[in-house]
Amino acid sequence: MICEHCKQRNATVTVTQVQNGQKVEHHYCDVCASQFHPFHAEFKQEPVSIQQLLSNWFGSPTWQKVGEKQQAPPQQQTCPQCGFTYKRFLKEGKFGCPSCYDTFSEHLPKLFNRIQAGPQHIGKMPGAQNNVFVIKKQIEDIRKRMKAAVDEEQFEEAAKLRDEAKNLEQQLQFEGGDVS
Amino acid sequence: MMIESFLERATPAWMDMEDDYSDIVISTRIRLARNLDGFRFPLVFSENEALQVEQAVTHAIQDSSKLQERYSYFSIKDLTSLQRQILVEKHLISPQLAKKEQVGAMLLSEDESICIMVNEEDHLRIQCMTASFQLQKAYEQANKIDRALEGALPYAFRDTFGYLTSCPTNIGTGLRASVMMHLPALTLTGQMNQIINAMTRLGMTVRGIYGEGSENLGNIYQVSNQITLGKTEEDILADIQSVAEKIIQKERQARSKLMEKAELALEDRVYRALGTLTHARILTSEEAATCISNVRLGVDLQLIDNIKATSLNECVVSMQPGFLQHYAGEVLPPAERDRARAKMLREALFLETKSKPIIGGKGEDSYDV
C-alpha cells in the first residue's frame, strides 16, 4: 500500500480516527506519520510502541531541520560500553547498557518529560545510595544554616555547624558518595 | 520442584481466594525491573555476559538468608516449547522470555505467587502476584525481595534516572502494577473505549490479558501504570488503586443497570452461555472465552449459584492451546483442539453442576407456558 499523504513511499503506519462515531483509517509511511501531531492520531496497534513513539517525536526527519543549528547532534555520540549511538537508541527504542544513560544524559530529560511524569527519579533507592542521599541532604541543610549564622554574625554557631558538615562529608566519602 | 508439578495445576493455590472484589478483580501483579551495572542489556549482551548475570542473580537469590521462600530454578532453553507455552498461559513468564533460545531463566516460588525472570528484557524482573485486588500486599512482597537482593547485586542506579532499564518506559522505579479485571457490563454497554481513552490521559494503560497487542479475550482487561519516572512508588500504587476502584464502581453500576433494564435478556445470555459450555462439541477459544465470561457474570449476579468463580478462573487458563495439549498428552491440530476444549469444559462444568440441576432463575417465571 502507498502512503496516502506523499503517495510515494510504502505505507507502514495505520492511523485510526473516530469522527462522529465513525472509524476512519488512514495509511501513512513513517516519514509522513512522524510529521503529524501525535495527540491527534490514535494508532491502530494499542498501545503505541515505544519505537514508533520515539521516531515520531524524536526521529530524524524533524530533527535534521532543527538540529542543523545544534553543535553536537546527539546522533553522533557513542556509548563507550556498548557502542550504541543515539540514532540506534531511537531506532531500537531501547538502550544498550546502563552507561548509555550517562553518555546521552544531556538529551534524556527532554525525552523523559514527554513519556514520563518528569525527568527526575523521586522514588526508592538502593540501601547504600539511600544513605548517601540522606547525608547529602543533611549537609545541604547545615550549609544553609551556616550561611544564616554568618549573616547574623553568630560565628561561634557557624563554626560548630562547619565542623558538623565536615564530619558528614567524611562519612559521605566513606559511603562512596561524591562530596561536591 | 520438577517443572511438571508447576504445569499440572491450571490455577495455583494463591488464586483460590474470594473477597469483596473477587466479583470483578481476578488478580493483582507487581513487577520490578532491575539491571546490573557493568553488563550490557539482554538486547545486545554476549552469551558470556548472560551467563555471568544469570549466575550472579541465581546465587544472590538462593544464598540470601533474608528470603523466606524457596525457589526452583529453570533455564528456559531446557524447557520444551509446550512447557514454555503453558508457563505463559499461566502468566508466570512473559511471551518474550518464552521465546529466548539461548539465555533466560526463571526462579519460581513453591506457591507460584513469585516468579523472578532472569535476562528477559532486563537482567532481573521480580514479579509478585496475589488473588483479587491486593496492590499493597503484592508490592510489599516484591519490595522485600528487592531489598534482600540489592546488597548482593550491583544494581544499575543513578540519582537522576533511578533504576536503569533497557526500555525508557520502565526507568525510575521500574515498577509496573497491574490489576486484571473482568469487565463484561462495561464492554456490553460500550463504555470501555471511553475508559481506555481516559486512562491513557492519566498515564495508565488497559490491555488484553496477554499484555501488549493482545485482544480483550473474554472481557478480561489488565489495567496498569505507564509512568515509572517522576513519581514515587507510593504515588504510582495510590493512582492505580483509585483508578481501579473507580472502574470497579462503574462496572458494578453498569451491572445493576443491566439487571434493572434488561434482566430477562441478561439471564437469557447467561444461560445460553452455560448451555453452550455444558453441551457444545466444538468450541473455539473466542467462543469459549465469551461463554465463560457470560457464565461468570451470571455467577457474580447470583443468577447461577452452583458454579464457583474460582472454577471459571481455572477454565480460563486450562482452555488455552498449551494446556489442552498437555491435558490430552499429545500435539493437537487446531480443529482437534476445539473438540478437546469443548470436552474439557463440558467435563469441568458438568462436575461442578451435577450436584444440583441447573434450573431456576427469575426468567422462567416470566414464560407464559
Side-chain angles (χ1 to χ4, degrees), chain A residues 16 18 21 23 38-39 42-51 53-54 58 79 81-84 88-90 92-102 104-109 111-130 132-133 136-137 177-178, chain B residues 32 34-45 49 121 123 143 146-147 149-151 153-175 193 196-197 200-201 203 205-208 212-214 225-236:
Chain A
T16 312
V18 181
K23 263 195 182 175
F39 291 113
E42 190 196 323
F43 291 100
K44 197 183 171 193
Q45 217 185 5
E46 275 276 358
V48 180
S49 78
I50 183 70
Q51 288 95 324
L53 191 106
L54 290 176
F58 300 91
C79 173
Q81 199 191 343
C82 67
F84 255 52
R88 178 151 182 216
F89 157 63
L90 288 179
E92 305 262 3
K94 284 175 187 148
F95 294 100
C97 72
S99 293
C100 287
Y101 283 89
D102 305 323
F104 310 125
S105 63
E106 238 184 288
H107 311 287
L108 298 178
L111 163 73
F112 295 151
N113 265 329
R114 292 265 199 162
I115 63 170
Q116 295 280 4
Q120 173 77 40
H121 175 63
I122 55 166
K124 185 178 114 167
M125 287 175 247
Q129 260 103 343
N130 202 10
V132 170
F133 182 77
K136 274 186 183 170
K137 277 259 178 254
D178 183 6
Chain B
L32 295 176
R34 300 287 184 255
N35 286 282
L36 309 191
D37 233 344
F39 294 95
R40 286 177 291 176
F41 293 135
L43 178 70
V44 287
F45 66 9
E49 273 173 297
E121 183 180 291
H123 295 145
N143 192 30
D146 190 39
R147 286 282 183 229
L149 296 180
E150 68 180 18
L153 296 168
Y155 278 167
F157 179 89
R158 305 284 184 274
D159 282 357
T160 331
F161 302 132
Y163 293 93
L164 307 184
T165 53
S166 170
C167 185
T169 53
N170 294 317
I171 58 150
T173 57
L175 166 69
N193 278 345
I196 293 172
N197 286 339
T200 316
R201 283 201 295 277
T205 50
V206 183
R207 296 171 178 169
E212 223 160 301
S214 71
N225 64 306
Q226 205 167 20
I227 283 163
T228 53
L229 179 72
K231 277 187 178 184
T232 63
E233 285 79 0
E234 289 71 24
D235 289 341
I236 293 171

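These values consider heavy atoms only, across backbone and side chains, with no hydrogens, waters or symmetry-generated copies. Order of the sequence lines sets the chain letters (A, B, ...), proteins ahead of strands, with each chain counted from 1.
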* **Heavy-atom proximity to chain A below 4.5 Å, by part of B/Asn170** => backbone
* Partners meeting side chain to side chain donor-acceptor pair (under 3.5 Å) with B/Asn193 (sequence neighbours left out) -> none
* Would you call B/Asp159 and A/Lys136 a side-chain contact if the rule is heavy atoms closer than 4.5 Å? -> yes
* Asked: Which bit of A/Asn113 is near chain B, if near means a heavy-atom gap under 4.5 Å: side chain, backbone, both or neither?
  -> neither
* Counting heavy-atom pairs under 4.5 Å to chain A, which of B/Gly203, B/Gly162, B/Gly174 comes out on top? -> B/Gly162
* Structure fact -> Applying a strict 4.5 Å limit to non-hydrogen atoms, the region of B/Leu229 in contact with chain A is both
* Are the charged groups of B/Glu121 and A/Lys94 less than 4.0 angstrom apart, N to O? -> yes
* **Largest heavy-atom contact set with chain B, pairs under 4.5 Å, which of A/Pro119, A/Cys82, A/Pro109, A/Ser99** => A/Pro119
* Indicate whether the side chain of B/Gln226 and that of B/Thr169 have a donor and an acceptor atom separated by less than 3.5 Å. => no
* B/Glu234 versus chain A, heavy atoms under 4.5 Å apart: side chain, backbone, both or neither? -> neither
* Heavy atoms, side chains only, cut-off 4.5 Å: are B/Arg158 and A/Asp102 in contact? -> yes
* How about A/Phe104 and A/Phe84: are their ring centroids closer than 6.0 Å? -> no
* Among B/Pro42, B/Ala156, B/Gly38, who wins on heavy-atom pairs under 4.5 Å with chain A? -> B/Gly38
* Asked: Between B/Thr160, B/Ile236, B/Val44, B/Asn35, which has the largest tally of heavy atom pairs under 4.5 Å with chain A?
  -> B/Thr160
* Asked: Looking at B/Phe41, B/Phe45, B/Phe161, which makes the most heavy-atom pairs under 4.5 Å with chain A?
  -> B/Phe41
* Which one, B/Asp146, B/Asp235, B/Thr173, B/Thr165, leads in non-hydrogen pairs under 4.5 Å with chain A? -> B/Thr165
* To do: Check each atom of B/Leu36 against the heavy atoms of chain A and say whether the ones under 4.5 Å are side chain, backbone, both or neither.
  => backbone
* Between the side chains of B/Asn225 and B/Lys231, does any donor sit under 3.5 Å from an acceptor? -> no
* B/Phe157 side chain reached by A/Pro98 side chain, heavy atoms, under 4.5 Å -> no
